[in-house]
Amino acid sequence: MLSRLKERMSKANVVRFGDREIITEGLRLSFWADISHRCMTASWPSFIGGAVFVFIVFNAAFAVLYWIGDQPVSNVPAGDYIDYLYFSIETLSTAGYGDMHPQTHYGHFIAAVELFTGIFSMSLMTGLIFARFSRPRARLLFANFPVISIHEGRPTLMIRFANERHNIIGNASARLWFLRNVMSEEGRPLRRFTELTLVRNEHPALALSWTLFHVIDSTSPLDGLNADDLKEAKASLVVVVSGYDVVAAQTIHARKSYDHSDIRFGQRYADILETLDDGRIRIDYGKFHDTLDE
């Protein structure tokens, strides 16, 4: 616990790939240098909290400028700071109720600067909120465990996923990568990744579920490997799916990583399809993650 706290307080950054954690050091990217990316990747509570904080800081700063002036705003007889704060909020938000207004050149100048700041900040906030809402997201449900079992007479690695929205994802394509630690000829450790050949890597209209098949033969990097071999190599699998969402009219992407401990040897996926008496097909997603022994 203390080591994790020290990592967060230091300049080190922790990058997670599945269950693996990598500590990166030496990069000095300032907060403001990549503020747009931080606004896009922050959680909604953090994003809203940051917006509220900036709003309060701006209004408090402009309220101080009004407060130190010589009665720059009308209808503030006592000159209380709280009244200038309310006026600042009205000005920054361009509400302008009318009961308070600038009455000196100093007041007009500060109000003009605040109006420009308010218009600029509101436009920026509107763009950020729209970008966060309009960002395409693929709602794909990946099975919790890849399985390796006999399929059509050959050992096969299988990974199942489904389209949670049940809309059409046209021209869907999938790629499967195998990552592991190896030693180079010079005895240096390397993290090597190899793309695994799929029986079918394209789907014309992904609306329900899709199972990827990789045949483990003599040409496969998985040939002859067992669970202990994968653990020793700290192996992992990465699935990347992309396609065209016909509803959003945008290309969407999804990614799922599996650790070596997630792979189930000698098991297959439970059947989720059932034909009803009236001829319709029923899909039971409650069994989507279930695996059965061969």
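At a cut-off of 3.5 Å, with distance as the only test, a side-chain donor of R191 or S236 sits close to an acceptor on the other residue.
Closest of all the heavy-atom pairs between G118 and S121 is O-OG, 3.0 Å. Taking each heavy atom of L128 and M40 in turn, the nearest pair found is O-SD, 4.5 Å. Contact between H253 and T251 at its shortest, heavy atoms only, is NE2-CG2, 3.8 Å. What you find for Y106 and G69 is that their closest heavy atoms are CE2-CA, 3.7 Å. Contact detail for H166 and L208: the closest heavy-atom pair is CD2-CD2, 4.1 Å. Minimum heavy-atom separation, A235 to F178: CB-CE1, 3.5 Å.
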Checklist entry - Yes or no on side chain to side chain contact (heavy atoms under 4.5 Å, CB included) for I283 and L273, after CA distance, side-chain angles and deciding distance? => result CA-CA 5 Å; I283 301 179; L273 298 178; 3.4 Å; yes

Item to check | side chain to side chain contact (heavy atoms under 4.5 Å, CB included) between L230 and L222, intermediate numbers included | outcome: CA-CA 9 Å; L230 297 179; L222 297 174; 4.3 Å; yes

Item to check | Stepwise side chain to side chain contact (heavy atoms under 4.5 Å, CB included) test for L176 and F213 | outcome: CA-CA 10 Å; L176 178 59; F213 298 96; over 6 Å; no

Item to check | Candidate pair Y66 and E114, rule side chain to side chain contact (heavy atoms under 4.5 Å, CB included), full reasoning | outcome: CA-CA 11 Å; Y66 291 122; E114 187 172 13; 2.8 Å; yes

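R264 places a side-chain N or O within 3.5 Å of a backbone atom of S261 that can act as its donor or acceptor partner. In this structure, R132 contributes its side chain and C39 its backbone to a donor-acceptor pair below 3.5 Å. Between the side chain of D83 and the backbone N or O of Y86, no donor-acceptor pair lies under 3.5 Å. Panel note: side chain T156, backbone R154; a donor-acceptor pair is recorded below 3.5 Å. Remark: side-chain polar atoms of R268 are not paired, donor with acceptor, to backbone N or O of M158 under 3.5 angstrom. At distances below 3.5 Å, at least one donor-acceptor pair connects side-chain atoms of N59 with backbone N or O atoms of I89. Listed for the D259 side chain is no donor-acceptor partner under 3.5 Å among the backbone atoms of D262. A donor-acceptor pair under 3.5 Å is formed between the side chain of N163 and the backbone N or O of N167.
Under the 4.5 Å side-chain heavy-atom criterion for Ile, Leu, Val, Met, Phe, Trp and Tyr, F109 and L65 are members of the same hydrophobic cluster. When the side chains of ILVMFWY residues are joined at heavy-atom separations under 4.5 Å, either directly or via intervening members, F145 and I263 end up in two distinct hydrophobic clusters. Cluster membership for F62 and Y81, using ILVMFWY side-chain heavy atoms within less than 4.5 angstrom, is shared. A continuous path of hydrophobic side-chain contacts links I216 to I159 [ILVMFWY only; heavy atoms under 4.5 Å]. L212 and V240 fall into different hydrophobic clusters, where Ile, Leu, Val, Met, Phe, Trp and Tyr side chains are chained together by heavy-atom contacts under 4.5 Å.
The CZ atom of R137 lies 13.5 Å from the CG atom of D245; values are rounded to the nearest 0.5 Å. If you take CD1 on I129 and CD1 on I48, they are separated by 8.0 Å, rounding to the nearest 0.5 Å. Atom NE2 of H151 and atom NE2 of H214 lie 13.0 Å apart (nearest 0.5 Å). Rounding to the nearest 0.5 Å gives a distance of 8.5 Å between CG of L140 and CZ of R165. Considering CD of E232 and NE2 of H260, their distance stands at 11.0 Å, rounded to 0.5 Å. Residue L190 holds its CG atom at 8.0 Å from CE of M183, rounded to the nearest 0.5 Å.
Residues L115 and T91 have side chains in contact (heavy-atom distance under 4.5 Å, counting atoms from C-beta outward). Y84 has its side chain out of reach of I68: every pair of non-hydrogen atoms, C-beta onward, lies at least 4.5 Å apart. Contact check for I110 versus V113: no side-chain heavy atoms found under the 4.5 Å cut-off. Counting heavy atoms from C-beta outward, V238 and R255 have side chains that approach closer than 4.5 Å. You'll find the side chain of L141 reaches within 4.5 Å of the side chain of F288, heavy atoms only. Using a 4.5 Å heavy-atom cutoff, the side chains of L196 and L237 are in contact. Here the side chains of P146 and L157 are in contact, with some heavy-atom distance below 4.5 Å. The shortest side-chain heavy-atom distance between F87 and N75 does not fall under the 4.5 Å cut-off.
In this structure, D278 places its CG atom where more than 12 heavy-atom neighbours from other residues, nucleotides or ligands lie under 6.0 Å away. Applying the 6.0 Å contact sphere to CZ of F265 captures more than 12 heavy atoms from other residues, nucleotides or ligands. In R139, the CZ atom is not crowded: 12 or fewer heavy atoms of neighbouring residues, nucleotides or ligands sit closer than 6.0 Å. More than 12 heavy atoms of other residues, nucleotides or ligands sit less than 6.0 Å from atom CG of L276.
Using cut-offs of 30° and 60° on the angle between ring planes, the pair F142 and F161 is tilted. Ring pair H203/W210 is perpendicular by interplanar angle, where above 60° counts as perpendicular and below 30° as parallel.
For E164, the side chain to side chain donor-acceptor pair (under 3.5 Å) criterion is met by no residue, not counting sequence neighbours. E186 pairs by the side chain to side chain donor-acceptor pair (under 3.5 Å) definition with S184, not counting sequence neighbours.
Remark: of the listed residues R282, K287, R280, R282 is the sole one forming a side-chain hydrogen bond (donor to acceptor under 3.5 Å, both in side chains) with E274.
The aromatic ring centroids of W44 and F133 lie less than 6.0 Å from each other.
Other residues sharing a hydrophobic cluster with Y244 under the 4.5 Å side-chain heavy-atom criterion for ILVMFWY residues are I168, V246, V247.
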